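Read the structure below first, then the notes.
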Amino acid sequence: MPRTPARVRRRTRVPAPGPPAAGTSSADTAAEEEAQDRPGRAGRALWRRLPLRTAAGLVPAVLVGVWALAHRSLMVSGGHDLVAADPGWLLAALACTGLGWAANSVARQGTVLEPLPRLPLLATQFAATAAGQLAPAGLGASAVNLRFLRVNGVPLARATAALALYSLAESCCRVGLLLVLLAANPHALHAKGLLPDGDGLLLLAAAAAAVTAAAVLTLVLAGSLRRAAAGFVTDALADARTLHARPERALALWGGSLVFPLIQAVSMAAVARALDLPVAPVPVALAYLAATCAAALVPTPGGIGSVDAALAIALVAAGAPTGAAASAVLAFRIVTVWLPLLPAALTLSALIRRKVL
């Protein structure tokens with residue numbers, strides 16, 4: 001009986017690596033591989049050489065330029081009012097603005113235990129003037145100060161607690177100063193007809209209660225958010241107790257937080273005096289403090305709009321004519337914010353490039 005032929009299995013033979021083909025060498029092969037990899041390496045080298053930090057440093061100046069172009073009509077209108085103003089009082093207002101940055105630096109140092117470099121801290125407060133015009137509720141200035149604290153070795157949790165402590169201290173001092181001036185000058189502001197009537201106040205109170213209830217309900221229902229908020233508050237209170245155990249830090253925090261709004265109010269009074277506003281300095285300072293406290297409920301970038309409207313209303317309540325009050329508000333905005341805006345933006349760019357921020 002014939003035998004059945006066995007299956008023949010086909011196998012794919014993989015040729016073993018042999019010597020290079022005739023006319024080629026290992027050096028030629030290496031050169032060819034290097035040529036193929038050259039575009040990728042060139043792209044990576046170009047990415048490393050890109051001045052990313054320099055470009056990031058130019059962003060504030062560009063944004064400020066765009067902002068200035070958008071508000072050029074207001075700046076021109078305010079400039080006409082400043083031409084006829086008393087230059088001595090305008091210089092006094094500008095000097096008070098500079099002292100405000102120094103007071104801010106002292107207060108910021110009082111929020112952390114670590115000693116911060118003084119000149120970079122002062123430059124950071126000046127640079128935060130530009131950042132504050134680009135985000136509402138002072139978020140731009142807070143971001144600049146947070147970055148400065150992180151660069152100087154303050155942990156993120158403690159740096160965030162320092163920002164919260166500063167905001168709390170500054171708000172308490174501003175409101176306390178307002179209450180003291182109101183108690184000393186109870187008839188300085190005549191707000192009849194300027195503030196909402198009984199129904200309007202009731203509506204505002206209901207809106208504030210609704211916002212507060214929504215915030216509390218969110219914290220109650222969101223367990224993870226509630227735990228995070230509780231942990232943050234616990235850490236912040238512990239840091240605050242540690243800071244207040246050192247008298248020099250407590251004095252820096254509360255002294256700087258009190259002097260800052262006081263100097264701002266004096267600057268507003270100096271601008272009003274430069275424009276011959278028919279209102280005494282104390283009512284002008286009182287109007288400024290009342291306006292900034294009220295405008296905090298409607299946060300806008302740099303306080304533009306909310307602070308301006310509230311300040312104009314407060315000056316009218318203090319006895320100023322409507323047109324003169326508007327001119328004073330515009331002049332105050334130019335002297336204390338718009339005039340230092342471009343130097344502040346350039347300072348912010350320089351701090352970014354030098355890795356201070």
Side-chain angles (χ1 to χ4, degrees), residues 99-118 120-129 131-132 135-180 208 211-212 215-216 218-220 222-265 289 292-293 295-297 299 303 356-357:
L99 291 176
W101 297 322
N104 238 338
S105 301
V106 173
R108 296 285 183 183
Q109 176 61 86
T111 60
V112 292
L113 294 172
E114 294 84 351
L116 301 173
R118 295 181 180 178
L121 177 59
L122 180 59
T124 300
Q125 304 315 306
F126 178 53
T129 303
L139 293 179
S142 297
V144 170
N145 280 284
L146 178 64
R147 179 61 184 168
F148 179 76
L149 293 177
R150 295 289 292 121
V151 169
N152 284 275
V154 181
L156 179 59
R158 293 185 51 239
T160 307
L163 295 181
L165 180 60
Y166 169 80
S167 298
L168 178 63
E170 199 271 340
S171 300
C172 290
C173 289
R174 187 178 295 270
V175 173
L177 190 59
L178 172 63
L179 294 178
V180 169
V211 171
T212 304
V216 172
T218 301
L219 290 177
V220 170
S224 57
L225 182 60
R226 183 177 67 252
R227 287 190 294 270
F232 173 77
V233 171
T234 301
D235 295 340
L237 289 176
D239 288 345
R241 285 193 296 268
T242 305
L243 285 168
H244 284 81
R246 299 181 60 175
E248 68 277 8
R249 289 292 186 265
L251 181 61
L253 172 63
W254 292 101
S257 299
L258 178 63
V259 171
F260 177 60
L262 180 60
I263 287 180
Q264 285 183 316
L289 293 172
T292 51
C293 290
L297 302 175
V356 177
L357 295 177

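Remember, it's a predicted structure, so these values are computed and weren't measured experimentally.
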- Task: Locate the shortest heavy-atom distance separating G110 from A252; write the atom from each residue and the value.
- Result: CA-CB, 4.0 Å
- Task: Working to the nearest 0.5 Å, report the span between CG of L163 and CG of L139.
- Result: 10.5 Å
- Task: For residues Y166 and S142, determine if any side-chain heavy atom of one lies less than 4.5 Å from a side-chain heavy atom of the other.
- Result: no
- Query: If you look at every heavy atom in I263 and G100, which pair is closest and at what distance?
  - Reply: CG2-N, 3.9 Å
- Query: Considering residues, nucleotides and ligands other than R246, do more than 12 of their heavy atoms fall under 6.0 Å from its CZ?
  - Reply: yes
- Task: Using modelled atom types only, decide if a donor and an acceptor are shared between the side chain of R249 and the backbone of L113 within a distance under 3.5 Å.
- Result: yes
- Message: Any non-hydrogen side-chain atom of P261 less than 4.5 Å from a side-chain atom of E170?
- Response: yes
- Message: Run Q125 and F148 through side-chain contact (heavy atoms from CB on, under 4.5 Å) and show every step you take.
- Response: CA-CA 10 Å; Q125 304 315 306; F148 179 76; 5.7 Å; no
- Would you say the side-chain atoms of R150 pair up with the backbone N or O of V154, donor to acceptor, closer than 3.5 Å? yes
- Message: Please report the interatomic distance CG(L146) to CG(L156), rounded to the nearest 0.5 Å.
- Response: 6.0 Å
- Item | Side-chain heavy atoms of R147 within contact of V151, under 4.5 Å | yes
- Task: Measure the OG-CG distance between S257 and L165 for me, rounded to the nearest 0.5 Å.
- Result: 8.0 Å
- Message: Between L149 and R108, is the side-chain contact (heavy atoms from CB on, under 4.5 Å) condition met? List the steps.
- Response: CA-CA 10 Å; L149 293 177; R108 296 285 183 183; over 6 Å; no
- To the nearest 0.5 Å, atom CZ of R174 lies from atom CG of L262 at 10.5 Å
- Item | Which atom of S105 lies closest to which atom of L121, heavy atoms considered | O-CD2, 3.3 Å
- Query: Rounded to the nearest 0.5 Å, how far does CG of L253 lie from CG of L258?
  - Reply: 11.0 Å
- Query: Is the backbone N or O of L116 less than 3.5 Å from a side-chain atom of Q109, with the two atoms forming a donor-acceptor pair by type?
  - Reply: yes
